[in-house]
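Atoms considered below: every heavy atom in the structure, side chains included; atoms not considered: hydrogens, waters and symmetry mates. Throughout, a chain's letter reflects where its sequence line sits, starting with A, and its residues are numbered from 1.
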There are 2 protein chains.
Amino acid sequence: MAETRRDRLRAATVEEIIRTARRLLVEQGQDAVTLRAIAREMGMTAPALYRYFDSHQELLTRLVGDLFNELTDVLGEALCTVSPDDLAGKFLVVAREFRRWALAHEREYALLFGNPVPGLDIDRDDFVAECGRRFGRVFMTLFLELWSKSPFPVRSDEEIDPSLRRQLARYRDAMSVSLPLGAILVFIQCWVRLQGSVSLEVLGHLGFALDDPAPLFELMLADLAPQLGLRYSPPER
Amino acid sequence: MAETRRDRLRAATVEEIIRTARRLLVEQGQDAVTLRAIAREMGMTAPALYRYFDSHQELLTRLVGDLFNELTDVLGEALCTVSPDDLAGKFLVVAREFRRWALAHEREYALLFGNPVPGLDIDRDDFVAECGRRFGRVFMTLFLELWSKSPFPVRSDEEIDPSLRRQLARYRDAMSVSLPLGAILVFIQCWVRLQGSVSLEVLGHLGFALDDPAPLFELMLADLAPQLGLRYSPPER
DNA sequence: TCGCTACGGTGAAAAGCGTTAACTGCTATG
DNA sequence: CATAGCAGTTAACGCTTTTCACCGTAGCGA
């Protein structure tokens, strides 16, 4: 009762708002993440949120960026659990942790890697774009380490389609990594298979045939590892 | 003017409504496919649409089913352009035509293969489920033909993880095809790579590295074909 | 201590959404 | 000819984002 003054004093924080938005996302789906619902959960009214965000879109954008950062951190921590010279272990743990996070956070994953949120041009927003790049660097850094510590055979530049070669060179320059174009190609191919299979599974597009795609995922890893000069080993337990 | 009576007589049709809905989807995105907008485009009011659909969801469901059918037909027609005994040609043309349709109909593709539309449980709706099965059968039929006319080496049942083996058997029975489990496995693996890479491209998740993933797609086909005992050949023109 | 500004909220309102209910013509049928 | 039913309407409810005017408090300078 006497707290009404203290309550008035206590201003909401951006973090609190994002946390509430995420809770709504997880519990009720993307459509439930409305300004009114967020405000209601926090005991305020919707227009108050405009003190913190210019629009609903911007709030969602911020949430996307935070999710990217969380996923990046999770993968980074998983990497730390592997002995530094166990290259195969690093590759496998990152791939498996990516899938694990995706399955444990389906709706967050769909927000990051599913249909592009209309009006949320990820590359047009500096914050989210940086979070995305940071996320991508986890994989690129790992890949760079794999290659530098134990190079594997890749296509020579001449063996790569000219159009593709140009694109790979541009990407390599943008990332400022010194890898042969053939290695960049392998990197992208691996990423497409990894994200492609996880997306299909999380978004429910494998249910037509499988309830548990885990063994299929492991088969893919077993197929990918040798291409990177790594030895596949099944997950523990 | 004198046409008001004729106009009153002319009832809307379900096909017309779906066509209008699709036009809005294509031109303005999924969020623009509202009952009010559809009705406005057709010169009526929103509640009138409830004579044809129980809800907005049901309208969208019907649209999804129709899109599945169109895609199925497109793939079927593409198959007809290939000489009956050109197995590799059939595989390549279906894969390429799938990607082509996806790129030419990004928003339709996103509706079919992107984030699951909330409340639109594809498997819970008989109509859409049947359209989906019909679509899947295009690939399964082709695959069955590939295998029966020129079997390629596959894993034996014993070489397949027991959990995966059970799932494959269940799927094989549901599809009523007589293929070894190893072949079913290859089928699913191919499908995951095909749909995975097309989804990533269409949903804009390859843009971080490539503007034109076409050569990457061709590389994937060149990798897939030998696994099916087929010889890859680059696309014409 | 007074006065002012800036902050963080409120309520009302506009415009648009899905959905329901009551109503209105018109057609076709018994 | 009456009537049932179809295909549309308007009105309304509650939801959405967003803008606007307003209000009380905190903290600061004079």
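- Taking atom CG of A/L60 as the reference point, atom P of D/dT18 lies 11 Å away to the nearest angstrom.
- Environment of CG in A/D173: crowded, with over 12 heavy atoms of neighbouring residues, nucleotides or ligands closer than 6.0 Å.
- Residue A/R36 places no side-chain N or O under 4.0 Å from the OP1 or OP2 atom of C/dC17.
- Atoms CD (B/E58) and P (C/dT19) sit 10 Å apart, rounded to a whole Å.
- Per the geometry, CG belonging to A/L35 stands 14 Å off P belonging to C/dG9, to the nearest Å.
- One can place CG of B/L49 at 13 Å from P of C/dT20, the figure rounded to the nearest angstrom.
- The separation between A/D31 atom CG and C/dG18 atom P is 12 Å, rounded to whole Å.
- Proximity note for A/R51 (side chain, C-beta onward) versus C/dG8, C/dT20, D/dA7: the nearest is C/dG8.
- Taking the six-membered ring for Trp and the full ring otherwise, the centers of A/F135 and B/F208 sit at least 6.0 Å from each other.
- Salt bridge status for B/D66 with B/R19: absent, with no side-chain N to carboxylate O gap under 4.0 Å.
- Residue-level contact check: B/Y52 touches the backbone only, with heavy atoms under 4.0 Å from sugar-phosphate atoms and none from bases.
- Closest approach to the B/T45 side chain among D/dT9, D/dG8, C/dG11 is made by D/dT9 (side chain taken as heavy atoms from C-beta onward).
- Of the possible polar contacts, one joining the B/H205 side chain to the A/G114 backbone as a donor-acceptor pair under 3.5 Å is found.
- Computed from coordinates, the B/M44 CE to D/dT10 C1' distance equals 15 Å when rounded to whole Å.
- Between the P atom of D/dT16 and the CG atom of A/L59 lies a distance of 14 Å, rounded to the nearest Å.
- Ranking C/dT19, C/dG11, D/dT17 by closeness to the A/H56 side chain, first place goes to D/dT17.
- Of the candidate nucleotides D/dG8, C/dC17, C/dT19, C/dT19 has the atom lying nearest to any side-chain atom of B/S55.
- If you check D/dG8, D/dT18, D/dT16 against the side chain of B/A48, the one that comes closest is D/dG8.
- The residue A/T34 sits close only to the backbone: its heavy atoms come under 4.0 Å of sugar-phosphate atoms, none of a base.
- Rounded to whole Å, the distance from CD1 on B/I38 to C1' on C/dG18 is 12 Å.
- Defined by atom type and a distance below 3.5 Å, a donor-acceptor pair is present between the side-chain atoms of A/W101 and A/E70.
- For B/Y50 and C/dT19, the shortest distance from a side-chain N or O to OP1 or OP2 is below 4.0 Å.
- Between A/R40 and A/P47, the residue anchored nearer the 5' end of DNA chain D, judged by the nucleotide with its closest heavy atom, is A/R40.
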